[in-house]
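Just so you know, ligand 1 is whichever comes first in the structure, and atom 1 is the first atom listed for that ligand. Please read all numbers here as calculations on a predicted model, not as lab measurements.
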Amino acid sequence: MPVKAVYPDVVIPDEDLWTYQFEQKSKPFAEDREIYIDPDTGRSYTWAQTKATALEFGRGLRAAWGFQKGDVLGFFSNNTIDFAPAFFGVLWCGGAAMTANPAYTATELAFQLKDSGSRGIITQAAFLPIATAAAKEAGIPLDRIILMGDGRDQQFKHFTSIRDTANKISPSSRARLDPKKDLAFLVYSSGTTGLPKGVMLTHTNVVANLVQLLDLDGKYNGLHHTGEPDGKGDKQLAILPFFHIYGLTCIALQGLKMGLQVVVMPKFDLERTCQIIQKHQITYMCIPPPIVLALAKHPLVDKYDLSSVKWLNSGAAPLGKELVEMVWQRLKIPVMQGYGLSETSPTLTKGAVADWAKYNGSCGKLLPNILAKIVDMDGNELAQGEEGELWVKGPNVFPGYLNRPELAADTFSKDGYFRTGDIGYYDKKGNFYITDRLKELIKYKGFQVPPAELEAKLLGNPQIDDACVIPAHDRERETEVPRAYVVLKPGTEKSDAKAREIQEWLDAQVAEHKKLRGGVRFVDEIPKNASGKLLRRVVREMARKEDRV
Ligand code: 4UV
C-alpha cells in the first residue's frame, strides 16, 4: 500500500494562479500590506501594487508584442522585487514564464530560449551582454529584450515603460485558461538523465503546491501575516533565487499568498544576510545547506543579533545532522528540512518545527494530497524502513517535459507515479529520509549540474577518449562538486599540469556553478556494462573512497 500523507487532504481549487493570488473574495490581510521589499533602495511593492503593476505590464506586453496565451517569456535575472510583478504580467496574458540562471553563458541561455520557444527576454542591465549574445544565437530580435530592476539602458526598454502602451488593452481582457492544462512556469531540470529539459508546470500544479504548503506552514510552522516579533507578521529573507523553483514557489509566491513579507536579496553575501536579518527582524528563511554551514561555523555570524529568526528550512541538497546541531548550539535556531524537485512544483515533504530535534536528518512528512512509495530496482514496493527509490503521485506533480513525450515511459511508472530518482526510506511516523541519488544529477550548493552536459564537452576535446563526471563531496563547503574521470588519448601525458589544463579549458565554457571544482582524475578506462552503458555508481565509489565519505 502506498504511503499517504499523515496530514488530512486539502481542497485544491480549480483556478489559475492569477485568480488564486489576486481575485479571492476575501483576503485575511490588507491590500496595502508591503510584500516585496528591496533592502538596498527601500523600494517595495504592496500586494495591491504587485497586482496593479502586473496588470499594466501584461496589458503592455499584449499591446506591444501581441503576447498571448501559450507564449513564453524568458526570465534571465537574479532576484529583484520586480520579478513577481513581471511574471504575473506574463500570466495575465496567458503565457508562461521560463526561468534561467543568470550565471549562464550565452550558449547555455540560448539553448533554453530556443528549447522553450521564448518570444523575448526580461533581464537586468548587468546581464545585457550575455542576454543580447544569447538572443542573437536563439534568433530573438533585440527589441524583444526588456529590463527590470534598477539599472537602465538607452537601447532597451524597461518593463515600466512597456507598460505605457497598456491603455490600448482592456484590463478585463485577461486570458481565460484551463488551469489543469495551461502552463504557468517552465523551469529547467536535467531530470534523471541527460541535458536540461523544460519542466512543464501547470497552473494547477503550482496552486496545489501553495495550498499544500500553506496548510502545513500556517498550522504547524506558525507563519502568519500578524504575530511575532512585533505584531507585523512574519518576514522572510529571499536569499534563494526566484529563477529556481524553491525560491519561486516557497518564497515569491507563498509570501504573496499568505501576506508574509519578503525582503529580496539580489545575491547571497553572508555579512549582508546577517545585517538584513538584524535590521529587518527576519523571522524565517528557506536556504540551501552551504548557508546552514555558514551560520553554524562562520566567525562573522557572532557580530550580529539573529534572535528574530524562529526557524530555518534547508533544502535542495543533503544536509548533515551535525550542522543542524551546531546551529542550535550557537544560535538556538531550529533547522528543519524540506525536500522536493522542479518536477513537483516543488515541495513533497517538509518538517514541522516542533519535530526538528526528534527527527533531525529527516526531510519531514509528505504534504497533504501526496501519495508515495519506496520501490526496489524492479518497481516492487518496499516496506517501512527499507531503502529504495521514491515514487510520488499528487496534484503538484508535473505532466511531463516540454516537447519530450518519448520520456514519459521512463519518467512515470505504469500506475502513474513520478519516479524521483532519489533514494530514501520512511519511518513509523511517516518521516522521510533522503539518503542517496539514483539519477546522475550533481547538486552544487543546490544548483543543478547535469553531468551529461560536461561529459559532452569533455568528449569534444581532441586529447580525450572517454569521460565520466560524478559528484565528489566537498566537506569544507557542505556541497557536492563535479569531478571528471577522464581517459586520455594514447600517448597524451598524464600529469597534474594536464589535469589543470583540462579543468581550466572546461571551466571557461560553463556557468560558475558547473565548474569542475572536484578536479580531473585520469583513468585507463571508464567502467561500462555489457551494452556500453556508463556505470556511474562504480565511478562514484572511486570518488567516495578518495574523499573517504
Ligand atoms: O529540481 P531541483 O533543483 O529542485 C530542488 C528543490 C528543493 C526544495 C523544494 C522544496 C522544499 O521545501 C525544499 O526545502 C527544497 O532543489 O532538484 C531536485 C533534487 O534535489 C535534491 C534531490 O536529489 C532532488 O531530486 N534535493 C532536494 N531537496 C533535498 C535534496 C533534500 N532536502 N535532501 C537531499 N536532496
For ligand 1, list the protein residues that place a heavy atom within a distance below 4.0 Å of one of its atoms, sorted by chain and number.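 Correct list: His244, Tyr246, Asn313, Ser314, Gly315, Ala316, Ala317, Pro318, Gln337, Gly338, Tyr339, Gly340, Leu341, Ser342, Pro346, Thr347, Cys363, Asp422, Ile434, Arg437, Lys439, Lys443, Gln448.
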Tell me whether the rings of His513 and Phe447 are parallel (<30°), tilted (30 to 60°) or perpendicular (>60°).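 Tilted.
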Classify the angle between the aromatic ring planes of Tyr417 and Trp391 as parallel (below 30°), tilted (30 to 60°) or perpendicular (above 60°).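 The arrangement is tilted - the two ring planes meet at 30° to 60°.
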Quiz item: cation-pi between Arg419 and Phe412, 6.0 Å / 45°: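 No, Arg419 does not sit over the ring of Phe412.
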Do Lys310 and Tyr284 meet the cation-pi criteria used here (NZ or CZ under 6.0 Å from the six-membered ring centre, within 45° of the axis)?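 No.
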Partner of Phe75 by side-chain contact (heavy atoms from CB on, under 4.5 Å), out of Val90, Val187, Thr123: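 One option only clears the test, and that one is Val90.
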Residue pairs, two or more places apart or on separate chains, that pass side-chain hydrogen bond (donor to acceptor under 3.5 Å, both in side chains) and touch residues 326-335: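 Listed by first then second residue: Asp302-Arg330, Glu325-Gln329.
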